[in-house]
> 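Here it is: the structure, laid out below.
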Amino acid sequence: MSEGIVVPQGLIAHGRGEAFDYILGEETLPAATAATSAAAALLLMAEHPVLSVNGNTAALAGKEIVNLSAAISAPIEVNLFHRTSKRERLIASYLKRLGAGDVLGVGKSASSTIRGIASSRRQTDPRGIGKADVVLIPLEDGDRAEALSRDGKKTIAIDLNPLSRTSRAASVSIVDNVIRAIPALTQASYRLKKMRRTSLERFVSDFDNQRNLESSVREMIEYLRGWA
Ligand code: ATP
């Protein structure tokens, strides 16, 4: 936050996430692992996959996002709720220092809009989210997650809260901390890359997001029961 990558509101969102991380035992649970396989399959089958990055994601898992981008050949797009061109450039250059190639969504290059969103997060890059068929949305807000789905894009949320609007709107929701979920997604992508397309299709068709979210809640209850 002192470098300007994360805004104060981002710290509040981070705290909300941490509260949920406590009640799942701060480790990756089976429902998240199942969602990660479906997410990797979706990203590998996509024509134009894009990784959407905000300040919290850059600060918590910048290097991990750069590694995932290389593993699946997907561009990174900066997309901020509290958008200023200074902050966009700061995040883009931070990611480039960590090894990212071109970073989309900075300044005037974010010239397309997603309909149905009032905030500045409606701005997208026509080379990135604008033409994407699958978008990874870590720590997303509900309005934008719902609007992306309405626009016909498949979305992969990484959100510790299985009850959030984002988790419910996404095609695949990984209920886990970005610091664990993104490296796991990179590993799963390398593993699934070796598989045939029919196997990848099965990972996606066998996955039911609503049922998986219910499993995440049950796993949290089980964990808490251990303490009760
Ligand atoms: P929604 O609008 O989707 O109903 P919200 O208003 O809580 O939910 P935001 O504050 O915009 O949405 O998004 C922050 C989300 O990110 C929260 O759901 C929070 O649980 C989640 N989150 C925060 N930190 C992390 C983290 N480190 N890893 C994964 N998810 C996180």
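Heads up: numbering here begins at 1 and tracks the sequence. Each ligand, and each atom within it, is numbered from 1 in the order the structure gives. Worth saying up front: this structure is predicted, and the values here are computed from it rather than measured.
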> Name the closest protein heavy atom to atom 27 (N) of ligand 1, giving the residue it belongs to and the distance to 0.1 Å.
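Looking at atom 27 (N) of ligand 1, the protein heavy atom closest to it is Asn177 OD1, 2.9 Å.
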> How about Val53 and Glu77: do any of their side-chain heavy atoms sit closer than 4.5 Å?
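No. Closest side-chain heavy atoms not under 4.5 Å.
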> Looking only at heavy atoms, what is the nearest atom pair of Ser37 and Leu192, with distance?
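Smallest interatomic distance, heavy atoms only, reads O-CD2, 3.5 Å.
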> Are any of the N/O atoms on Val178, whether in the backbone or the side chain, positioned under 3.5 angstrom from an N/O atom of ligand 1?
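Val178 vs ligand 1: N/O contact under 3.5 Å present.
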> Can you sort out which atoms of ligand 1 are near Glu140, meaning under 4.0 Å from one of its heavy atoms?
11 (O), 12 (O), 13 (O)
> Within the distance-only criterion (no hydrogens, no angle test), does the side chain of Arg180 pair as donor or acceptor with the backbone N or O of Glu26 below 3.5 angstrom?
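It does hold such a pair.
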> Of all the atoms in ligand 1, which lie at a distance below 4.0 Å from a heavy atom belonging to Asp176?
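Counting from 1, the qualifying ligand atoms are 28 (N), 29 (C).
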> Please report whether ligand 1 has a polar contact with Asp159, defined as an N or O pair separated by less than 3.5 Å (distance criterion only).
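It does: an N or O of Asp159 is found under 3.5 Å from an N or O of ligand 1.
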> Would a distance-only check, ignoring hydrogens and angles, find a side-chain to backbone donor-acceptor pair under 3.5 Å from Asp133 to His48?
yes
> Could you identify the single nearest non-hydrogen protein atom to atom 6 (O) of ligand 1 and state the distance to 0.1 Å?
Arg16 NH2, 4.0 Å
> Within ligand 1, which atoms have a heavy atom of Ala13 less than 4.0 Å away?
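Result: 10 (O), 14 (C), 19 (C), 23 (C), 24 (N).
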> What I'd like to find out is whether the side chain of Leu29 reaches to under 4.5 Å of the side chain of Asp176, using heavy atoms alone.
no
> So which of Thr166, Asn56, Asp141, Asn54 gets nearest to atom 11 (O) of ligand 1, if we judge by its closest heavy atom?
Asp141
> Students should be able to answer this: which protein heavy-atom is nearest to atom 24 (N) of ligand 1, and at what distance?
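Here the nearest protein heavy atom works out to Leu139 CD2, 3.5 Å.
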> Hey, what do you get for CD (Glu146) to CZ (Arg165), rounding to the nearest 0.5 Å?
4.5 Å
> Please determine if Asp151 and Lys153 form a salt bridge, counting it only when a charged side-chain N lies under 4.0 Å from a carboxylate O.
no
> Starting from atom 4 (O) of ligand 1, what is the nearest protein heavy atom, named by residue and atom, and what distance separates them?
Arg165 N, 2.9 Å
> At less than 4.0 angstrom from any non-hydrogen atom of Asn161, what atoms of ligand 1 do you find?
18 (O), 20 (O)
> So which heavy atom in the protein is nearest atom 30 (N) of ligand 1, and how far is it from that ligand atom?
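Going atom by atom, the protein heavy atom closest to atom 30 (N) of ligand 1 ends up being Leu160 N, 3.1 Å.
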> Looking only at distances, can you tell me whether any N or O atom of Glu18, backbone or side chain, sits closer than 3.5 Å to an N or O atom of ligand 1?
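No, since none of the N or O atoms of Glu18 sits under 3.5 Å from an N or O of ligand 1.
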> How far is atom 8 (O) of ligand 1 from its nearest protein heavy atom, and which residue and atom is that?
Ser164 CB, 3.8 Å
> Suppose I only count heavy atoms of Gly17 and a 4.0 Å limit; which atoms of ligand 1 are within that range?
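In order of numbering, the contacting atoms are 19 (C), 20 (O), 22 (N), 23 (C), 24 (N).
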> Can you tell me which residue and heavy atom of the protein come closest to atom 2 (O) of ligand 1, and the distance to 0.1 Å?
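Of the protein heavy atoms, Gly142 N, 2.8 Å lies nearest.
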> Please examine the side chains of Ile65 and Leu136, heavy atoms only from C-beta on, and report whether any two atoms are closer than 4.5 Å.
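The answer is yes, as the side chains (C-beta and beyond) meet within the 4.5 Å cut-off.
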> In Å, rounded to the nearest 0.5 Å, how long is the span from CD of Glu219 to CG of Leu224?
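Spacing of CD (Glu219) from CG (Leu224) equals 12.0 Å.
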> Nearest 0.5 Å, what's the CG-CG distance between Asp143 and Leu148?
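Atom-to-atom, Asp143:CG and Leu148:CG are 11.0 Å apart.
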> If you count the atoms of ligand 1 from 1 in the order shown, which ones are under 4.0 Å from a heavy atom of Leu60?
27 (N)
> Can you tell me how far apart NZ (Lys131) and CG (Asp125) are? Round to the nearest 0.5 Å.
9.5 Å
